[in-house]
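Down below is the structure, laid out as structure tokens.
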Number of protein chains: 2
Amino acid sequence: MTVGIKDVAKAAGVSPATVSRALSGGPVSDELRAQVEAAVKATGYRPNLAARRLRSQQSGTIGLVVADLRNPFFTAVSRAVEDSAYRAGMRVILCNTDEDPEREALYLQLMQEERITGLIFAPTRTTLEQLSRRRLEFPTVLIDRASPAGLYDCVVLDNAAATGELVRHLIERGYRHIGGLFGNASVTGLERRDGYVAALNAAGLKPDFRLCAPSADAARSTLAGWFSSPDRPEALVVSNSLFLSGAVRAARAAGLSIPRDLALAGFDNEVWTELVEPGLTVIEQPVEDIGRQAMALLFERLQTPHLPVRKLVLSGRCVARGSTAARV
Amino acid sequence: MTVGIKDVAKAAGVSPATVSRALSGGPVSDELRAQVEAAVKATGYRPNLAARRLRSQQSGTIGLVVADLRNPFFTAVSRAVEDSAYRAGMRVILCNTDEDPEREALYLQLMQEERITGLIFAPTRTTLEQLSRRRLEFPTVLIDRASPAGLYDCVVLDNAAATGELVRHLIERGYRHIGGLFGNASVTGLERRDGYVAALNAAGLKPDFRLCAPSADAARSTLAGWFSSPDRPEALVVSNSLFLSGAVRAARAAGLSIPRDLALAGFDNEVWTELVEPGLTVIEQPVEDIGRQAMALLFERLQTPHLPVRKLVLSGRCVARGSTAARV
DNA sequence: GGGTTTTCTGAAAACGATTTCTGAAACGCG
DNA sequence: CGCGTTTCAGAAATCGTTTTCAGAAAACCC
């Protein structure tokens, strides 16, 4: 029942080949082109993408597989990626893995079945390891989480530097026993932990950190135990905004006042980090840039497949607020 | 270069037809099925979805077009929809319109080109009107925003009731001059306004509301003006969580203390509405239910196309917090 | 045991577009 | 004017599957 290219051809009095050429800007006389356009309008023809993709052997689709859409960091990056893609006339398939390696495997398989042109991916640690053994069959740019061996293009934050900045900021304000809470599922968490450890060591202070699953609730319960123990830290650095909300709740529950009893600093400049009282000190990531640059790297690789692998390291901006006021 | 069904057939010593049947659970002897599975594993075969969709004339894809992924309401609904879809063996194409009718039109066209099996859609007012004139060519379930004429299945919140509950809550706490701020892009905003007006009228009080574009910044600047004028309200009801953050910022900027100078209530129980001081009184929406039920309606319609149109109205839950403490 | 189902398999058509190939007409040029 | 070249249009092949069709073998039934 649906109108196909043959129907348009018949309506325009030309061959299907001519219709195809007219629509894709091929060599067609102005006269026929006009007839075709009129016929398209008259019939309401919409090309069948499945057929087009099959014949032309290109999907015109890029895959975007992120770890957690509830994390505003990823929604922001997604928007930037989508904008770039649509501007370039490409479609985007957006998938959400929930930091679950199984779902990652599932989606990677799906991407392959869709024959995507390229992939932008924020993998878990587990999948990242497999990725260095078995290369993906399509051009891939990793975001937020870098491949260690330099096998894939990637665009990431300078995690060590950013965390170091937070630590030094706290030290300057007079804090000495500075705890850390980092995600255990991504290399990002580990890199931030390393930056944290390095900065403390450089200052001659002792690191004291924990790792936990990447959810606000996991953070809250981990911290609840820590806060009620005798070795509770004076200050805390956490590795993302989910952890920040968990930390605030845990502090409230334990009756700790911020920053008097506990200074707090973390990542991602969400709206609410400013609205909460006191405001939270955070590292703001250049989210739009991350998305845009990832697409830029991907397009370059598509055009020139044998480019050397590039790693783009962007730096964050420290936004100081009341949660890290000077120690009294 | 990529391995196709013929290669698998050759490796398994059977015909392509048999491979296809073996993989789709058709009538194949156990012996051949095992051979095929072995061959699939050996060759690493992944079916080409474009070819499959073209031949079988079904995309196995449902479209999900939402208004704003930065709004956690929609990310939550999306997750529920995706879960249901994948459980049913369907894929999801997720699109973000930014409440922009042009992008909506673009995406609807794309959906048609993808020949999606069904659509779940949160349209703007503008598009909603067009939708009642020209029916979409695929089964559609509207979410969050109902079609007035009853042309499409939909699942929505009982906006009038929920807003009424907020208004009565404020009246009980002693507030009389209760302002309102509602989004102008969606029918949701208007329904909430109507509920607000009705509740105030019922109590013999005078409504005093404004409409604005659906963004936190628009809300903030609208309110900035209002707060500095002599007819500033004692309490404010706003129609979503973006407006809530805008309202808190505007109140801070104007030096208004919540709830002493301004009580505040709104929609969507985000994490931060509890973390902010004082906590914000909100209507919590049954987000998972909305997504799940939308998929349920869609599947039913796919199975039984001539079902009467159904409208599912879910009710919200009022979460009272400090921002609407009793008037002193 | 012969005829009728049933069960399984392979050959070939089909899905709806793009692309290659072929040819006709138009054009350029000495 | 004649010959090569270019330009444009249509016929037909093609993409990689699924599905129809037809047939062989097995199973079933008096």
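Quick caveat: nothing in here was measured; it's all calculated off a predicted structure. Below, read A as the first sequence line, B as the second, and so on, with proteins coming before strands; counting in each chain starts at 1.
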* Decide whether a cation-pi geometry holds between Arg145(A) and Phe121(A); the criteria are a distance under 6.0 Å from NZ or CZ to the six-membered ring centre and an angle within 45° of the ring axis. =>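 Arg145(A) over Phe121(A) ring: no.
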* To do: When you get a sec, tell me which of dC8(D), dG16(D), dT18(C) is the closest nucleotide to the side chain of Ser20(A)?
  => dT18(C)
* To do: Compare the minimum distances between each of dA17(C), dG10(C), dT17(D) and the side chain of Arg115(B), then state the nucleotide with the smallest one.
  => dA17(C)
* Do Thr18(A) and Ser15(A) have side-chain N/O donor and acceptor atoms under 3.5 Å apart? -> yes
* To do: Ignoring hydrogens and angles, state whether a donor on the side chain of Glu114(B) or Thr61(B) is under 3.5 Å from an acceptor on the partner side chain.
  =>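 Checked: Glu114(B)/Thr61(B) side chains show no N/O donor-acceptor pair below 3.5 Å.
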Strictly below 4.0 Å: does [X] bring a side-chain N or O up to OP1 or OP2 of [N]?
{"X": "Gln57(A)", "N": "dG16(D)", "value": "yes"}
{"X": "Thr18(B)", "N": "dT9(C)", "value": "no"}
{"X": "Tyr45(A)", "N": "dA17(C)", "value": "yes"}
{"X": "Ser29(B)", "N": "dT7(C)", "value": "no"}

* Structure fact -> Comparing nearest nucleotides in DNA chain C, the 5'-proximal residue of the pair Ser56(B), Arg21(B) is Arg21(B)
* Residue met sooner reading DNA chain C from 5', once Pro16(B) and Ala51(B) are mapped to nucleotides ->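 The residue closer to the strand's 5' end, by nearest nucleotide, is Pro16(B).
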* **Distance-only donor-acceptor test (3.5 Å): side chain Arg52(B), base dT17(D)** => no
* Donor-acceptor pair under 3.5 Å, Arg55(B) side chain vs dT17(D) base ->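 Looking at the base of dT17(D), it does not pair with any donor or acceptor on the side chain of Arg55(B) (distance under 3.5 Å).
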[X] [atom1] - [N] [atom2] separation (whole Å):
{"X": "Lys6(B)", "N": "dT18(D)", "atom1": "NZ", "atom2": "C1'", "result": "13 Å"}
{"X": "Lys10(A)", "N": "dG10(D)", "atom1": "NZ", "atom2": "C1'", "result": "15 Å"}
{"X": "Leu54(A)", "N": "dT14(D)", "atom1": "CG", "atom2": "P", "result": "14 Å"}
{"X": "Gln58(B)", "N": "dA14(C)", "atom1": "CD", "atom2": "P", "result": "19 Å"}
{"X": "Ile5(B)", "N": "dC15(D)", "atom1": "CD1", "atom2": "P", "result": "15 Å"}
{"X": "Glu114(B)", "N": "dA17(C)", "atom1": "CD", "atom2": "P", "result": "14 Å"}
{"X": "Gln35(A)", "N": "dA9(D)", "atom1": "CD", "atom2": "C1'", "result": "12 Å"}
{"X": "Glu113(B)", "N": "dA17(C)", "atom1": "CD", "atom2": "P", "result": "10 Å"}

* Evaluate the criterion side chain to side chain contact (heavy atoms under 4.5 Å, CB included) for residue pair Val3(B) and Val8(B); output intermediate values, then yes/no. => CA-CA 8 Å; Val3(B) 27; Val8(B) 179; 4.2 Å; yes
* So what does Val14(B) hit on the nucleic acid, given a heavy-atom distance under 4.0 Å: a base, only sugar-phosphate, or nothing? ->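 Sugar-phosphate contact only.
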* To do: Answer with base, sugar-phosphate or nothing: what part of the nucleic acid does Leu49(A) contact at a heavy-atom distance below 4.0 Å?
  => nothing
* Asked: Can a salt bridge be assigned to the pair Lys311(A) and Asp153(A) using a cut-off of 4.0 Å between side-chain N and carboxylate O?
  ->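 Between Asp153(A) and Lys311(A) there is no salt bridge, as every charged N stays at least 4.0 Å from the carboxylate O atoms.
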